[in-house]
Protein chains: 2
Amino acid sequence: MKKDSKYQSGCPVAYGLEVFGDRWSLLVIRDMAVKGAKTYGELLDGWEGISTNILAQRLKQLEEAGILVKTQDPDNRRSFLYSLTPKGRDLAPVLAEIALWSAKYNEAGHAMTGFSDKVQMDRERVVSRIRKGELP
Amino acid sequence: MKKDSKYQSGCPVAYGLEVFGDRWSLLVIRDMAVKGAKTYGELLDGWEGISTNILAQRLKQLEEAGILVKTQDPDNRRSFLYSLTPKGRDLAPVLAEIALWSAKYNEAGHAMTGFSDKVQMDRERVVSRIRKGELP
DNA sequence: ATTTCTACTTGCGAATTGCAAGTTGTTATG
DNA sequence: CATAACAACTTGCAATTCGCAAGTAGAAAT
């Protein structure tokens with residue numbers, strides 16, 4: 001999708017969107033930051049159903065962008081562990097603000113997640129926890 | 001692009017991304033919120049060069065989503081004025097957090113915009129101004 | 001030894017994107 | 001007032017990207 005994209009404008013918003021501004025990247029980051037997903041399989045079984053080829057592609061891009069790192073699972077040699085870097089965890093405020101906005105405007109209500117509630121209760125705490133590598 | 005997408009998961013992050021989670025929507029919103037772009041032509045001449053058919057499509061989607069409204073220019077009958085609704089302006093914190101993140105991690109530096117600087121100087125003020133419909 | 005698991009890769013039709021050119025109605029110009 | 005220029009799109013089409021399904025490779029369980 002985003003190679004070394006020609007969309008370079010110098011705008012900070014555009015820079016961010018180059019890195020994670022597609023339909024899936026932020027959802028992968030959310031699964032890791034909010035749900036604590038660590039393996040390929042866990043990410044594949046996320047709430048929205050990303051397809052396997054797209055997931056593989058995004059993981060590679062996000063790794064190249066320094067958002068996450070891939071390591072061998074010490075307990076299972078056929079498994080890898082994905083984890084967010086500080087750069088990736090620093091996207092917590094972005095996730096939080098999107099959740100706050102959605103909580104305000106999504107009439108349908110948001111089931112299956114206490115994330116919105118937690119952020120509404122104490123945004124700083126949630127952001128701080130994610131930044132430290134903990135679950136919200 | 002996003003019809004009534006099947007990506008409904010109940011997750012607030014996913015809801016937000018359904019509305020503005022593509023390559024261009026947030027850039028259009030940024031052009032309006034930060035640059036004060038109001039007409040189709042101004043949006044076309046944005047920093048990144050969106051193509052005309054995509055712009056038309058996004059404007060329609062964002063209007064349907066209640067992010068912006070389209071009105072006749074009272075001074076020029078061949079021109080329309082696009083403006084953000086409160087729902088659209090409430091995305092200011094999202095733009096701000098993306099800008100802060102980019103300012104921290106974009107080595108290339110971000111020329112041609114004082115938005116990052118303004119947000120870094122006083123995030124609350126910038127968000128507040130955009131929420132009121134003023135330029136940051 | 002064979003099945004199962006984990007993490008992918010490959011193929012391919014369908015949808016989306018980007019570029020270029022054309023259209024419609026409006027205002028400015030000679 | 002005829003014509004050029006403008007503003008906001010629309011249309012066509014090639015190329016990229018996406019999503020589903022199926023297949024592969026190596027490790028672990030049975």
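Labels below follow one simple rule: chain letters A, B, ... track the order of the sequence lines, proteins then strands, and each chain is numbered from 1. Here the structure is a predicted model, which means the values were calculated and not measured.
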Please check the phosphate of D/dA29 (OP1 and OP2 only) for any side-chain N or O of A/Arg77 closer than 4.0 Å.
-> no

For B/Asn76, report the nucleic acid contact type (base, sugar-phosphate, nothing); a contact means any heavy atom under 4.0 Å.
-> sugar-phosphate

Phosphate OP1/OP2 of C/dA7: any A/Ser79 side-chain N/O under 4.0 Å = yes

In whole angstroms, how far is the C1' atom of D/dG19 from the CG atom of A/Leu55?
-> 13 Å

With a 3.5 Å cut-off and just heavy-atom distances, do the side chain of B/Arg78 and the base of C/dT26 make a donor-acceptor pair?
-> yes

Counting only side-chain N and O atoms of B/Lys38, is one of them less than 4.0 Å from OP1 or OP2 of D/dA8?
-> no

Phosphate contact (D/dC18 OP1 or OP2) by A/Gln57 side-chain N/O below 4.0 Å = yes

Can you check the A/Ile54 CD1 to C/dG11 P distance for me, whole Å?
-> 16 Å

Side-chain (A/Tyr40) to main-chain (A/Thr52) donor-acceptor, under 3.5 angstrom | yes

Side-chain heavy-atom pair A/Ile50, A/Glu48 within 4.5 angstrom cut-off = no

OP1 or OP2 of C/dT17 under 4.0 Å from side-chain N/O of B/Trp24 = no

Give a yes or no answer on whether the side chain of A/Lys87 reaches the backbone of A/Ala65 with a donor-acceptor pair at less than 3.5 Å.
-> yes

What is the distance from CG of B/Asp75 to C1' of C/dA28, rounded to the nearest Å?
-> 16 Å

Quick check: does any side chain N or O of B/Ser25 sit under 3.5 Å from a backbone N or O of B/Gly21, one acting as donor and the other as acceptor?
-> no

From CG of A/Asp22 across to P of D/dT17 the rounded distance in Å is 12 Å

Between B/Arg131 and B/Asp90, is there a side-chain N and carboxylate O pair less than 4.0 Å apart?
-> yes

Length of the line joining A/Leu43:CG and C/dA7:P, which is rounded to integer Å = 9 Å

Nearest-angstrom distance from the residue atom CD of A/Glu42 to C1' of C/dC8 = 16 Å

Mind calculating the distance between CG (B/Asn53) and P (C/dC19) to the nearest angstrom?
-> 10 Å

Mapping A/Ile50 and B/Leu81 onto DNA chain D by nearest heavy atom, which one lands closer to the 5' end?
-> B/Leu81

Between P of D/dG19 and CD of A/Glu48, the distance in whole Å | 12 Å

Quick note, B/Phe80 side chain, CB onward, closest among C/dC8, D/dA8, D/dT10 is D/dA8

Closer than 4.0 Å, any side-chain N/O of A/Lys70 to the OP1 or OP2 of C/dT6?
-> no

From D/dA8, C/dT4, D/dC9, pick the nucleotide closest to the side chain of B/Thr39?
-> D/dA8

Output yes when at least one side-chain N/O atom of A/Tyr82 is less than 4.0 Å from OP1 or OP2 of C/dT6, else no.
-> no

